[in-house]
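Letters go in sequence order (proteins before strands), and every chain restarts at 1.
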Amino acid sequence: MSHLNLSNTEEHIEREAQHEEVHLEHAEHDTGFGTYILVWLGLVGLTAITVTLSGISLGSLTIITALLIATIKTLLVANYFMHVKFDTTIFKVFIGVCIIIFLTMIVLTFFDLTFRNPLI
Amino acid sequence: MANGTIAGQHPEEVSFYEYDGKRKGIMGWLLTLDHKRIGILYLIAMLGFFAVAVSMGVLMRLEMLTTGETIMKPQTYNSIFTLHGVIMIFLFIIPGIPAVFGNFLLPIQIGAKDVIFPRLNLLSWYLYIIGGLLAIISLFTGGGIMDTGWTFYVPYSIRTTTNVSLSVFAAFVLGFSSILTGLNFITTIHRMRCPGMTFFRMPLFVWGLYSTAWIQVLATPIVGITLVLVILERFFGIGVFDPNKGGDPLLYQHLFWIYSHPAVYIMILPAMGVVSDIIATFTKKDIFGYVPIALSSLAIAFVGYLVWGHHMFTSGISDTSRVIFSFLTFLVAIPTGVKVFNWVASLYKGSIDMRAPMLYVMAFIIVFSIGGLTGLVLGTLDTDIHLTDTYFVVAHFHYVMFGGMGLLFFASLHYWYPKMFGRMYNEKMAKFSCWVFVIGFNVLYFPMFIMGYLGMPRRYYDYLPEFAPYHIVATVGSWIMVLGMIFMFANLIRGLYNGPRATENPWDGTTLEWKVPSPPPLENFDKIPTVHYGPYHRDWEDDRNEVVKEKH
């Protein structure tokens, strides 16, 4: 049984490192200060909208609107400040899995709250 | 096999025990960054906690030997069963296999020199120890030993005068240890696999660790936040869970079980990986259904997130929720069944060598199947209403947890003992102690199914005379089981000092850890290996397949 080669993997590791460098350069190239400032302004603007809307009665739409704005802000932060937009697919899959599980937990919990017998 | 052999290619290297680093003696251990030493540190600490929790279990059984007071007062009994549960769950069962065997073997099995974040790994151990110490300090401070049960259910846990806050904080710290270990393992598996070690060439133990690590990272923070809320509720009365202030006690149960049910899978998934590795080794053939077993780990991890509500069927949750959670609970049985059938199928035409680790695994398959199937009885709405909070639940839980993770912890200890310590234990004694343990286990827990079915409630200090025979049998069973454990540990400890030296590959295993010396050197491999086949591949199977092809 000698299928296993004891090859030195320095070459392999170097290749990986080069790949990462290219990847990082690519990320840095895509995001300049201007983009960050624009995103920041966007976040400030969305916060202003949230604050303004909190003073207006939208009925059942209030929570939906607030959550929608919060979602957009989260996406902006994750994509630009946390570099998810420029990351490899595996990280996007990881984040997707986390979001799916989180949403499922919320939905399943609210199945209880929404349909619970008020007399209990 | 996968991985061919490195045997005979090592220069004379000293083992990680003998390696003299910057620090020597005790500091060489307490400040070590070596994943193997950290694994051993976990093992020592964990066995200490385990011994304490077992003693408490034996004391509980002694109390239940006769009706009325036998050896302790009711309040002491409440504290003892709480402590037994907290120590067993948070300090032994949840971290057990990942922290000890995962740390020791994961890097070797994927052909790496260490985990990717060795310092974080050591920090995890320190957090584990701090959490354990806080739990012990909580016994002697505040209002006395906590009496809530290991689930810390509100509103009782926010009203009792016992020392809940510190105990809960201990569990919170332990959670951090678990999260960091999970994070370390996920990253290590993604970034540190040796050339050729694709995901589907990883040993199934690694798949178990990988699935578990995701649960650790995603579910543990939820219980962490929940426990902090309990502390805030106790100190500041913020009213999240307290119904008197508009809070919702059921919200606590939701949040607690969102973590604590997946925690069951944190306990069992790596253990199931151990089963696959051991069966492949002791049947001398490739595991049947490698890919389904690997993917079923992920499926269990994923579906396991969605079934927590079955702990709350009688708590007053909505009927809609009950039906959904009952349905989802049945779904988990499918990937678990996939594993069990594949393990049994792997035995077919195998050259079965019934050594001690294999004996533990066979016992596990039987005991765990009983535990798993009785879980379906509890997952069914109507039967659960009859059986909930009875000894039936206690029996089911111990068959799954102790019969599952516990038996496989012992199996792992026997299987990897030569690799970890470089010595062999007495095989006959190991098998004998396994038999004694398994017989004691069944004598202890099986009567609980019957008395639970007959209506004996769990956590009660006293009982009606008609339950006496079952309690007596169970208590005698606890003595037999403990005797089995004493035999087992005596044999293992004796092996450390007097056992014959272990060879590199005493079981004829095929995964990478059997290609390095026993015990391994500091960085495991002279050179990082390259892998060309699956983890359980043996050359003779190629020859057999050729013959089969020729015949057709």
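Ring pair B:Phe325/B:His254 is tilted by interplanar angle, where 30° to 60° counts as tilted. Using the six-membered ring where Trp is involved, B:Trp257 and B:Tyr153 have ring planes that are perpendicular, over 60° apart on the 30 and 60° scheme. Classified by interplanar angle (parallel below 30°, tilted 30° to 60°, perpendicular above 60°), the ring pair B:His310/B:His261 is perpendicular. Aromatic ring orientation, A:Phe111 versus A:Phe115: parallel (interplanar angle below 30°, classes split at 30° and 60°).
Proximity to chain A (any heavy atom under 4.5 Å) is restricted, for B:Ile222, to the side chain, taken from C-beta onward. Both the backbone and the side chain of A:Phe94 have a heavy atom closer than 4.5 Å to some heavy atom of chain B. Contacts of B:Leu306 with chain A are made by both backbone and side-chain atoms, with heavy-atom separations under 4.5 Å.
Contacts with chain A were tallied for B:Ile258, B:Asp319, B:Leu250; B:Leu250 has the most, counting heavy-atom pairs under 4.5 Å. Of the listed residues (A:Ile90, A:Val97, A:Ile100, A:Ile101), the one with the most heavy-atom contacts under 4.5 Å to chain B is A:Ile101.
Side-chain atoms of B:Arg322 do not come within 3.5 Å of backbone N or O of B:Leu381 as any donor-acceptor pair.
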